[in-house]
Amino acid sequence: MEPVYPEFVPDGSLARGEMEALQDDIAEAAVFEDDLDFDPDRVTIDRDSDQRPLADADPPVIAGVDQAFLEDDRAVSAAVALRAGEVIETATAVAETAIPYIPGLLSFREGNAVLAALQALSVTPDLTVVDGSGRIHFRQAGLATHVGVTLDHPTIGVAKNLLCGTPREPIPERLAEGERIPIEADEGVTAPDGTVIGYAYQSRQYDSGSTSINPLYVSPGHRISASTAVDVVARTCGGYKLPEPTRLADSLADEAKGTFE
DNA sequence: GCGACAG
DNA sequence: ATCTTGTCGC
């Protein structure tokens, strides 16, 4: 995979206003509806789902990317590609973090590392799960959207915290596993008020007890709708809070740090 | 001026 | 994100 729109490749030397203007352009080019080359219902991490003799096609390849940071100004990005829960390829890459972490401008800090890791993959995933937000972003151009549009590749953003937007209903202390609550655009988002820009999704929950797990915040990156994005994430979670592609990329990024030190 | 803010 | 051992609760 390589950039289809080089003009969207994150440039950390831009002025803040220019970065935000670029995000507006990216949001304009983003497609927040299903435009996939595979059937999302065929997404699975069940290794045995492919044992049917007459399966008409291979399950789609889903990739996950995550970053870890070196002590200098470099980010290590790891990409893991899976087909039916089977790791078929991994790749890592490093890139400079031109700017510090600034809410709303994350893609200008980590975007190049992500693009480098995805380019290092020889396989072209059918969809990539990115750590961070997609459409749940002030200008509807979070890391997942920025990367997806730049590559014109289907992406989903999975964040552990909500950046902006308003839950349709207050998030309870404890959500049951599988529950999803729409996140709607408000005054702080450049989308019509009430637009569903993502979902709070409870990927895992303890059966009972005092402690509970927080939900994930899933949003479309590019070429997928908010509801399909949650469905896909639900299909890739296997007993852990994070979807398998992201979880594996997370640990790989940590291991890879030693390689670039 | 205050508050809120992915990783 | 990152610094970090044990520890409380499934």
Side-chain angles (χ1 to χ4, degrees), chain A residues 10 12 16 19-20 23 26-27 30 64-78 94-115 117 128-148 155-167 171 173-174 176-177 183 185-190 197-202 204-222 226 229 233 239-243 246-247 249-258 260-261:
Chain A
R16 178 165 186 150
M19 292 181 176
E20 297 179 345
Q23 292 182 324
I26 289 167
V65 287
D66 190 30
Q67 291 68 248
F69 299 84
L70 267 30
E71 293 170 305
D72 51 0
D73 297 317
R74 290 184 300 165
V76 176
S77 183
V94 279
E96 290 188 314
T97 54
I99 63 171
Y101 166 68
I102 299 172
L105 298 179
L106 184 66
S107 63
F108 288 91
R109 174 177 168 78
E110 308 183 3
N112 283 310
V114 174
L115 291 173
T128 297
V129 181
V130 179
D131 65 302
S133 291
R135 194 181 190 184
I136 292 181
H137 179 275
F138 311 120
R139 290 166 293 283
Q140 306 179 76
L143 179 60
T145 299
H146 198 147
V147 170
T155 56
I156 292 175
V158 174
K160 303 178 198 67
N161 292 288
L162 187 59
L163 173 63
C164 60
T166 305
I171 307 288
E173 279 301 314
R174 181 198 189 76
E177 192 165 302
I183 302 300
D186 54 28
E187 310 71 40
V189 180
T190 62
I197 55 178
Y199 286 87
Y201 172 66
Q202 197 69 44
R204 188 191 172 190
Q205 188 53 281
Y206 296 133
D207 299 316
S208 63
S210 58
T211 58
S212 71
I213 298 175
N214 294 137
L216 292 176
Y217 293 93
V218 181
S219 60
H222 183 47
V233 167
Y240 295 92
K241 172 174 178 173
L242 293 179
T246 296
R247 203 176 68 79
D250 185 86
S251 59
L252 177 56
D254 275 324
E255 296 171 24
K257 284 175 70 175
F260 297 101
E261 284 170 346

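Treat the numbers as computed from the prediction; the structure is a model and nothing was measured. So you know, we letter chains A, B, ... as the sequences are listed, proteins then strands, and number each from 1. Below, all heavy atoms of this structure are taken into account, side chains as well, without hydrogens, waters or symmetry copies.
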Residues in contact with DNA chain B, drawn from residues 68-75 of chain A - heavy-atom cutoff 4.0 Å: none
Taking A/Ser77 for its side chain and A/Gln67 for its backbone only, find out whether a donor-acceptor pair lies under 3.5 Å. no
Rounded to the nearest Å, what distance is computed from the CG atom of residue A/Leu163 to the C1' atom of nucleotide C/dA1? 15 Å
Run the salt-bridge test on A/Lys257 and A/Glu261 with the 4.0 Å N-O cut-off and return the result as yes or no. no
Round to the nearest Å and state the distance from A/Gln205 atom CD to C/dC10 atom P. 12 Å
In whole angstroms, how far is the C1' atom of C/dT2 from the CG atom of A/Asp250? 13 Å
Tell me what A/Gly104 touches on the nucleic acid: a base, only sugar-phosphate, or nothing, going by heavy atoms under 4.0 Å. base
Looking at every strand, decide which applies to A/Ile136 at a 4.0 Å heavy-atom threshold: base, sugar-phosphate, or nothing. nothing
For the side chain of A/Ser133, counting heavy atoms from C-beta on, which of B/dA6, C/dC10, B/dG7 is nearest? B/dA6
To the nearest Å, how far apart are A/Tyr206 OH and C/dG9 P? 12 Å
Answer with base, sugar-phosphate or nothing: what part of the nucleic acid does A/Phe138 contact at a heavy-atom distance below 4.0 Å? base
Would you say A/Tyr101 places a side-chain N or O within less than 4.0 Å of OP1 or OP2 belonging to B/dA6? yes
Could you check how far CZ of A/Arg204 sits from P of C/dC10, rounded to whole Å? 13 Å
Checking C/dT2, C/dA1, B/dA6 against the side chain of A/Asp254 (C-beta onward), the nearest is C/dT2
Where each residue is assigned the nucleotide of DNA chain C containing its nearest heavy atom, which of A/Gln67 and A/Thr211 is assigned the position nearer the 5′ end? A/Gln67
Using whole Å, report how far CG of A/Leu106 lies from C1' of B/dA6. 6 Å
Under 3.5 Å donor-acceptor, A/Glu96 side chain and A/Asn112 backbone: no
Partner of A/Leu143 under side-chain contact (heavy atoms from CB on, under 4.5 Å), picked from A/Val130, A/Leu105, A/Thr155, is A/Val130
So which atom in A/Asn161 and which in A/Tyr217 form the shortest heavy-atom distance, rounded to 0.1 Å? C-CD1, 3.5 Å
Distance, rounded to the nearest Å, where A/Ile102 contributes CD1 and C/dA1 contributes C1': 15 Å
To the nearest angstrom, the CZ-P distance between A/Phe108 and B/dC5 comes to 22 Å
Is the phosphate of B/dG7, meaning OP1 or OP2, less than 4.0 Å from a side-chain N or O of A/Asn161? yes
Just wondering, do A/Phe108 and A/His146 contact through their side chains at under 4.5 Å, heavy atoms? yes
Is A/Glu177 reaching over with its side chain to a backbone N or O of A/Gln202, donor-acceptor style, under 3.5 angstrom? no
